[in-house]
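Dropping a structure here in structure tokens format, bear with me for questions.
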Amino acid sequence: MASSLSEYLMRIQELGAVEGPDGALEISPEVMPILEAIHQVLAGGTVEVKVVHRGNPDIFNELKRRVEQVGREANAINKAAGFYLTATL
């Protein structure tokens, strides 16, 4: 796994993407509809996303940069491996 992916997952956990004690984590109710929308898209569906209230722009930009880094790192790993080894967000 790309180390940047692990760091991204830890960061979104810190920000509340999941809730509960270790061993009993659950996706937060605020995040679950977005995850379900992604699943619909992956299943061939169409979704509509509307941002009602914008969040902290610094955190938004940080997360965007992290996702871009995950993509770069995963692509570099896959290129070096010569086959598709890692996933991106």
Side-chain angles (χ1 to χ4, degrees):
M1 175 171 29
S3 62
S4 58
L5 178 56
S6 176
E7 292 165 4
Y8 173 77
L9 293 173
M10 292 291 290
R11 181 64 173 131
I12 64 171
Q13 183 173 342
E14 290 171 359
L15 291 169
V18 292
E19 300 175 342
D22 288 343
L25 292 173
E26 294 185 12
I27 296 172
S28 76
E30 294 83 10
V31 173
M32 184 54 84
I34 302 303
L35 185 57
E36 289 173 350
I38 292 168
H39 292 168
Q40 287 294 337
V41 169
L42 295 173
T46 303
V47 301
E48 199 172 296
V49 177
K50 177 182 173 186
V51 175
V52 177
H53 175 75
R54 294 195 181 274
N56 181 307
D58 293 332
I59 294 173
F60 175 84
N61 290 326
E62 171 203 348
L63 296 175
K64 184 176 177 181
R65 282 190 306 271
R66 286 178 181 270
V67 167
E68 291 167 353
Q69 177 61 31
V70 169
R72 286 190 299 272
E73 193 173 315
N75 284 328
I77 291 169
N78 291 332
K79 186 174 182 179
F83 60 93
Y84 196 72
L85 180 66
T86 64
T88 62
L89 301 171

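Quick note: residue numbers are just sequence positions, from 1. Fair warning: this is a prediction, and the values are worked out from it, not measured in the lab.
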Next on the checklist: So, taking the atom named OG in Ser28 and the one named CG in Leu35, what distance separates them when rounded to the nearest 0.5 Å?
Outcome noted: 10.0 Å
Next on the checklist: Tell me if the CD atom of Glu14 is crowded by more than 12 foreign heavy atoms within 6.0 Å.
Outcome noted: yes
Checklist entry - Would you say the side-chain atoms of Glu26 pair up with the backbone N or O of Gly20, donor to acceptor, closer than 3.5 Å? => result no
Item to check | salt bridge (charged side-chain N to carboxylate O under 4.0 Å, His left out) partners of residues 30-59, not counting sequence neighbours, each pair once | outcome: none
Item to check | Note, Arg11 side chain near Leu63 side chain (heavy atom, < 4.5 Å) | outcome: yes
Next on the checklist: In this structure, would Ile27 and Ile38 fall into the same cluster of hydrophobic residues linked by side-chain contacts under 4.5 Å?
Outcome noted: no
Next on the checklist: Measuring from atom CE of Met32 to atom NE2 of His39, what distance do you get when rounded to the nearest 0.5 angstrom?
Outcome noted: 8.0 Å
Checklist entry - Within a strict 4.5 Å, meaning less than it, do heavy atoms of the Gln13 and Leu25 side chains meet? => result yes
Checklist outcome for this item: Interatomic distance, CD1@Ile59 vs CD1@Ile12, rounded to 0.5 Å, equals 13.0 Å
Checklist entry - Are Ser4 and Gln69 linked by a side-chain donor-acceptor pair shorter than 3.5 Å? => result no
Next on the checklist: To the nearest 0.5 Å, what is the distance between CZ on Arg65 and OH on Tyr8?
Outcome noted: 13.0 Å
Item to check | Between CE on residue Met10 and CG on residue Leu15, distance to nearest 0.5 Å | outcome: 11.5 Å
